[in-house]
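Comments concern the structure below.
Just so you know, these numbers use all the heavy atoms, side chains as well, and skip hydrogens, waters and symmetry mates. This structure is a prediction, so every number in the text was calculated from the model and none was measured.
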Amino acid sequence: MVIGINCGHTVSGTVGCGAVGYIDESVEVRKVGNILMTLLAEEGHDVISCTNDYANSVNDNLSQIVNMANAQPLELFVSIHFNSGGGKGCEVFTYGGKRFDEAERVCENLNGLGFVNRGIKDGSNLYVVRRTNAKAMLVEVCFVDTKTDVDLYKKLGAAQIAQAICNAITGEITENNGGLTMGQYEELKTEIKVLKAENVALKAEVDNLKNPMIYNYIDDNMPLWAHEAVQWCIDKGIIKGTGDGLGLDDTKLWVCVTMYRLANSLN
Ligand SMILES: [Zn+2]
């Protein structure tokens, strides 16, 4: 998918910057949005940055964002914001309040992380929703001026919010993971990878047990460490083999080696 991501407003403290409460909207949208862009790119999507950091006015900021979004055909435009005004939870604005899958899943996934789901709302009057050509959604993660929202946001961290929005875009539901931090989540992912690799190795071993290697001749197929011992066993008449060859498996190779070493140590 070709996806435009906008970190809402200009940078903190400049003309057109976002709301400030317990946290600063301009700062947090950039944290969430930048991680979101990385996650989407890692999943193979074409990500277009539609963030405008400095502007002469709010309108200038908004029109620059829309110009960046409309400079190429996008399949989805996402603008990241944080709310203010003392409410609680997350909401998503779409044109005409249209309930499309990505928007529904953003609400569900942020709700899965513990935020109140305020649902999908009509964002037809919002400049970036109205003026972008692509299917658009403006995400209000939570309220910067509501302590419980901010506490939860800080506990989760920007990365987990970005992951939830990424999952919503790509079609995955984010379950409440029982309060795992992103670090613990990454650790778990690594552990699962290691387990998978071990599983593959185990399967190969089981396969080997079911179909053991048979060595009929002292040649390149036989492990080098067994050559001398097997030759000695043949010379001493300890093993004979059949017309088809020696018929030695790994265990028998080891028996030959053990006998050979024992004989050497007795001499
Ligand atoms: Zn905003």
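The CG atom of D53 sits 8.0 Å away from the OG1 atom of T14 when rounded to the nearest 0.5 Å. Going from atom OG of S49 over to atom CD1 of I5 covers 9.0 Å, rounded to the nearest 0.5 Å. Once rounded to the nearest 0.5 Å, the distance linking CG of L262 with OG1 of T258 reads 8.5 Å. Between atom OG1 of residue T148 and atom CZ of residue F115 there is a gap of 9.5 Å, rounded to the nearest 0.5 Å. Rounded to the nearest 0.5 Å, atoms CD1 (I23) and OG (S12) are 12.0 Å apart. In this structure, CE in M137 is found 10.0 Å from OG1 in T94, a value given to the nearest 0.5 Å.
Under the 4.5 Å side-chain heavy-atom criterion for ILVMFWY residues, a single connected hydrophobic cluster contains both L152 and V106. Note on I48 and V128: same hydrophobic cluster, where clusters join Ile, Leu, Val, Met, Phe, Trp and Tyr whose side-chain heavy atoms are under 4.5 Å apart, directly or indirectly. Residue L156 is grouped with residue Y22 when hydrophobic side chains (ILVMFWY) are merged at heavy-atom distances under 4.5 angstrom, including chains of intermediate members. Placement of V141 and V150 within a single hydrophobic cluster is found when ILVMFWY residues are connected by side-chain heavy-atom separations under 4.5 Å, directly or transitively. Taken together through direct or relayed side-chain contacts under 4.5 Å among Ile, Leu, Val, Met, Phe, Trp and Tyr, V20 and V11 form parts of separate hydrophobic clusters.
For G247 against K252, the heavy-atom pair with the smallest separation is O-NZ, 3.9 Å. Residue I120 comes nearest to K98 through the heavy atom pair CG2-O, 3.7 Å, listed as atom of the first residue, atom of the second, then distance. In plain terms, the two heavy atoms of N117 and C107 that are nearest each other are OD1-CB, 3.3 Å. Between C142 and Y153 the shortest heavy-atom distance is SG-CB, 4.1 Å. Considering every non-hydrogen atom in both P223 and L253, the closest pair reads CD-CD1, 3.6 Å. In plain terms, the two heavy atoms of N6 and S79 that are nearest each other are OD1-OG, 2.6 Å.
Ring-plane geometry between W232 and Y260 is classed as tilted, the angle between the planes lying from 30 to 60 degrees on a 0 to 90 degree scale.
With R30 contributing its side chain and G8 its backbone, the two residues share a donor-acceptor pair below 3.5 Å. Of the possible polar contacts, none joining the H227 side chain to the I218 backbone as a donor-acceptor pair under 3.5 Å is found. A donor-acceptor pair under 3.5 Å is absent between the side-chain atoms of T132 and the main chain of V66, judged by distance alone. For the pair N83 (side chain) and E140 (backbone), a donor-acceptor distance under 3.5 Å is absent. A side-chain donor-acceptor contact under 3.5 Å links T146 to the backbone of G87. When atom types are taken as modelled, the side chain of T10 and the backbone of C17 share a donor-acceptor pair closer than 3.5 angstrom. Without hydrogens or angle criteria, E102 side chain to A168 main chain gives no donor-acceptor distance under 3.5 Å. With hydrogens and angles ignored, the 3.5 Å screen pairs no side-chain donor or acceptor of D249 with any backbone N or O of I214. E228 places no side-chain N or O within 3.5 Å of a backbone atom of W225 that could act as its donor or acceptor partner. Distance alone, capped at 3.5 Å, is enough to place a donor-acceptor pair between the N109 side chain and the A164 backbone.
The closest side-chain heavy-atom distance from V144 to D24 is not below 4.5 Å. F82 is not listed as a side-chain neighbour of I161, based on a closest heavy-atom distance of 4.5 Å or more. Between N167 and R105 the shortest side-chain heavy-atom distance does not fall below 4.5 Å. Annotation: side chain of I169 is not in contact with side chain of E43 (no heavy-atom distance under 4.5 Å). You'll find the side chain of N34 reaches within 4.5 Å of the side chain of C7, heavy atoms only. At a threshold of 4.5 Å between non-hydrogen side-chain atoms, the residues V15 and N56 do not count as touching. At least one side-chain heavy atom of L246 sits less than 4.5 Å from a side-chain heavy atom of I234.
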For F77 and I65, what are the C-alpha separation, side-chain angles and deciding distance, and is it a side chain to side chain contact (heavy atoms under 4.5 Å, CB included)? CA-CA 11 Å; F77 170 82; I65 292 165; 3.9 Å; yes

Check against side chain to side chain contact (heavy atoms under 4.5 Å, CB included), M222 and L248: CA-CA 9 Å; M222 183 184 283; L248 299 171; 4.2 Å; yes

Residue pair T170, H45: steps toward the side chain to side chain contact (heavy atoms under 4.5 Å, CB included) verdict: CA-CA 10 Å; T170 57; H45 296 286; 3.5 Å; yes

May I have the step-by-step check of side chain to side chain contact (heavy atoms under 4.5 Å, CB included) for M259 and I238, ending in yes or no? CA-CA 10 Å; M259 279 194 293; I238 296 169; 3.6 Å; yes

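Residues that satisfy the side-chain hydrogen bond (donor to acceptor under 3.5 Å, both in side chains) test with N133, not counting sequence neighbours, are N70. Taking E91 as the reference, R118, K121 meet the salt bridge (Lys or Arg N to Asp or Glu O under 4.0 Å) condition, with sequence neighbours excluded.
Screening K155, K147, K154 for a side chain to side chain donor-acceptor pair (under 3.5 Å) with D151, the sole residue that qualifies is K147. Of the candidates V92, V129, I80, V129 is the only one forming a side chain to side chain contact (heavy atoms under 4.5 Å, CB included) with L138.
With respect to the salt-bridge test (charged N to carboxylate O, under 4.0 angstrom), the residues E28 and K31 qualify.
Taking a 6.0 Å sphere around CG of N125, one finds it holds more than 12 heavy atoms contributed by other residues, nucleotides or ligands.
Using a 3.5 Å distance cut-off with no hydrogens or angles, the side chains of S57 and N59 do not pair a donor with an acceptor.
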